[in-house]
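The block underneath contains the structure these notes are about, expressed in structure tokens.
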Amino acid sequence: MASNPPGACCIESNFHQGTPKGSHSTVFGLDTYVTGASNEAKRNIVILTDIYGHKYNNVLLIADQLAKLGHYRVYIPDILKGDPVPETHGDLSSWLNNHSKDITKPIVDGFLNSLREEVGSEAFIGAIGYCFGAKYAVQQLAEGGYASAAALAHPSFVEIDEVKAIKRPLLISAAETDPIFTVELRHKTEETLASIKARYQIDLFSGVAHGFAVRGDIKDPAVKYAMNKTLADQIQWFGLF
């Protein structure tokens, strides 16, 4: 395992204020938040969410920030079957059973495959995976995957064999305090990426915990910096390819 399954830290949240600029519509059979450039865009980003799903205001605001660049069309598909983690969540085990890799992978693959067919083989598709969604973003970098590059923040559920299989660039933004993407698993991931001579970057942010990039308390200067820097890194990373 390159990162552990989601746990209690994946549920902690601070809700960010702001009005999303995009809208929800059905895209490739999934309810999807869409923002940014026109359908003819050759630069596309797909955000694969954490357990809060595709209507969580914080992630919609991130998509809008990416769209402000003017040349990306950004999609947040519902990879959770209309079933984000409930507010009265309690034990996550039953929820996770309904969102296993056997259930979620075909949903993600179907969306990315359809997008790739629509935009063409030469178009850029960047995949961003937050926590739960990171596993499926990594998979899109393997042979037969549909992403041109990927960026992860505080990943969960990623298996080391999925890291070994990547063929395209990967950016990881990590928290100093993270029981899911632990120090040992982060080092193991680094060693694996180096051993396969991957194009990669790993950033470690002090003073923050798992979930900071989407659900952190932006009143905390360290969290606000890390969240903003993660987004800036993602923008620069995707701009290279």
request  = Go through the steps for Glu162 and Lys135 under the test salt bridge (charged side-chain N to carboxylate O under 4.0 Å, His left out), then give the verdict.
outcome  = CA-CA 8 Å; Glu162 292 169 334; Lys135 177 181 184 69; 2.9 Å; yes
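- Proximity of a side-chain donor or acceptor of His154 to a complementary backbone N or O of Ala213 within less than 3.5 Å is detected.
- When side chains are defined from C-beta on, Phe132 does not count as touching Pro155, because their heavy atoms never get closer than 4.5 Å.
- With rounding to the nearest 0.5 angstrom, the CD1 atom of Ile79 is 13.0 Å from the NZ atom of Lys105.
- No side-chain donor from either of Asp109 and Gln139 sits under 3.5 Å from a side-chain acceptor of the other.
- Val183 and Leu204 fall into different hydrophobic clusters, where Ile, Leu, Val, Met, Phe, Trp and Tyr are joined by side-chain heavy atoms under 4.5 Å apart, directly or via other members.
- Residues Leu115 and Tyr146 are not in side-chain contact: their nearest non-hydrogen atoms beyond the backbone lie 4.5 Å or more apart.
- In terms of heavy atoms, Pro20 sits closest to Gly18 at CD-O, 3.6 Å.
- The ring-ring contact (aromatic ring centres under 6.0 Å, His included) check on Trp237 picks up Phe241, with sequence neighbours excluded.
- For the residue pair Ala198 and Ile166, the shortest heavy atom distance occurs at CB-CD1, 4.0 Å.
- How far CG of Leu152 is from OG1 of Thr230: 11.5 Å, rounded to the nearest 0.5 Å.
- With sequence neighbours left out, Phe124 forms a ring-ring contact (aromatic ring centres under 6.0 Å, His included) with Phe238.
- The backbone N or O of Val119 sits less than 3.5 Å from a side-chain atom of Lys42, completing a donor-acceptor pair.
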request  = Step by step, work out the salt bridge (charged side-chain N to carboxylate O under 4.0 Å, His left out) result for Lys164 and Glu159.
outcome  = CA-CA 9 Å; Lys164 290 178 180 178; Glu159 298 175 28; over 6 Å; no
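- The backbone N or O of Gly126 lies less than 3.5 Å from no partner atom in the side chain of Asn44, so there is not a single donor-acceptor pair.
- With hydrogens and angles disregarded, a donor-acceptor distance shorter than 3.5 Å links the side chain of Lys81 to the backbone of Asn98.
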task = Walk me through it: do Tyr136 and Thr104 pass the test side chain to side chain contact (heavy atoms under 4.5 Å, CB included)?
result = CA-CA 8 Å; Tyr136 305 99; Thr104 307; 3.6 Å; yes
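- With values rounded to the nearest 0.5 angstrom, Ser156 atom OG is found 14.0 Å from Tyr130 atom OH.
- A heavy-atom distance below 4.5 Å is not found between the side chains of Ile160 and Leu185.
- Proximity of a side-chain donor or acceptor of Arg168 to a complementary backbone N or O of Arg199 within less than 3.5 Å is not detected.
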inquiry  = Between Met227 and Ile218, does the side chain to side chain contact (heavy atoms under 4.5 Å, CB included) criterion hold? Intermediate values first, please.
reply    = CA-CA 8 Å; Met227 186 178 72; Ile218 57 176; 3.1 Å; yes
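- Judged by distance alone, the side chains of Asp64 and Thr35 do bring a donor and an acceptor atom under 3.5 Å apart.
- Scanning for side chain to side chain contact (heavy atoms under 4.5 Å, CB included) contacts around Ile235 gives Leu66, Leu69, Leu231, with sequence neighbours left out.
- Atom OG in Ser100 sits 9.0 Å away from atom CZ in Phe157 (nearest 0.5 Å).
- Under a 3.5 Å cut-off, the side chain of Arg186 and the backbone N or O of Glu190 do not form any donor-acceptor pair.
- No side-chain heavy atom of Glu176 sits under 4.5 Å from any side-chain heavy atom of Val208.
- Using a 4.5 Å cut-off on side-chain heavy atoms (C-beta onward), Leu170 and Ile172 make contact.
- Distance CG/Leu48 to SG/Cys131: 12.5 Å, rounded to 0.5 Å.
- The six-membered or imidazole ring of His210 lies away from that of Phe181, with a centre-to-centre distance of 6.0 Å or more.
- Leu193 places a side-chain heavy atom less than 4.5 Å from the side chain of Thr189.
- Annotation: side chain of Phe205 is in contact with side chain of Ser173 (closest heavy-atom distance under 4.5 Å).
- Residues that satisfy the side-chain hydrogen bond (donor to acceptor under 3.5 Å, both in side chains) test with Asn228, not counting sequence neighbours, are absent from this structure.
- Between atom OG1 of residue Thr49 and atom NZ of residue Lys55 there is a gap of 12.5 Å, rounded to the nearest 0.5 Å.
- If you check the side chains of Tyr52 and Asp50, you find no donor sitting under 3.5 Å from an acceptor.
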message = Assess the residue pair Arg116 and Ser148 against the criterion (side chain to side chain contact (heavy atoms under 4.5 Å, CB included)); give the C-alpha distance rounded to whole Å, side-chain angles, the decisive distance to 0.1 Å, and a yes or no.
response = CA-CA 10 Å; Arg116 175 56 73 193; Ser148 311; 3.3 Å; yes
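- By the ring-ring contact (aromatic ring centres under 6.0 Å, His included) test, Phe28 pairs with Phe111, sequence neighbours left out.
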query = Would Lys229 and Asp233 satisfy salt bridge (charged side-chain N to carboxylate O under 4.0 Å, His left out), going step by step from the backbone distance to the final call?
reply = CA-CA 6 Å; Lys229 184 64 163 60; Asp233 287 346; 2.7 Å; yes
ask   = Passes side chain to side chain contact (heavy atoms under 4.5 Å, CB included), Ile51 versus Leu92? Steps please.
value = CA-CA 10 Å; Ile51 60 179; Leu92 274 180; 4.2 Å; yes
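- Residues that satisfy the ring-ring contact (aromatic ring centres under 6.0 Å, His included) test with His24, not counting sequence neighbours, are Tyr33, His54.
- Gln140 places no side-chain N or O within donor-acceptor distance of the main-chain N or O of Gly145, the cut-off being under 3.5 Å.
- Between the Thr26 side chain and the Gly29 main chain, no donor and acceptor come within less than 3.5 Å of each other.
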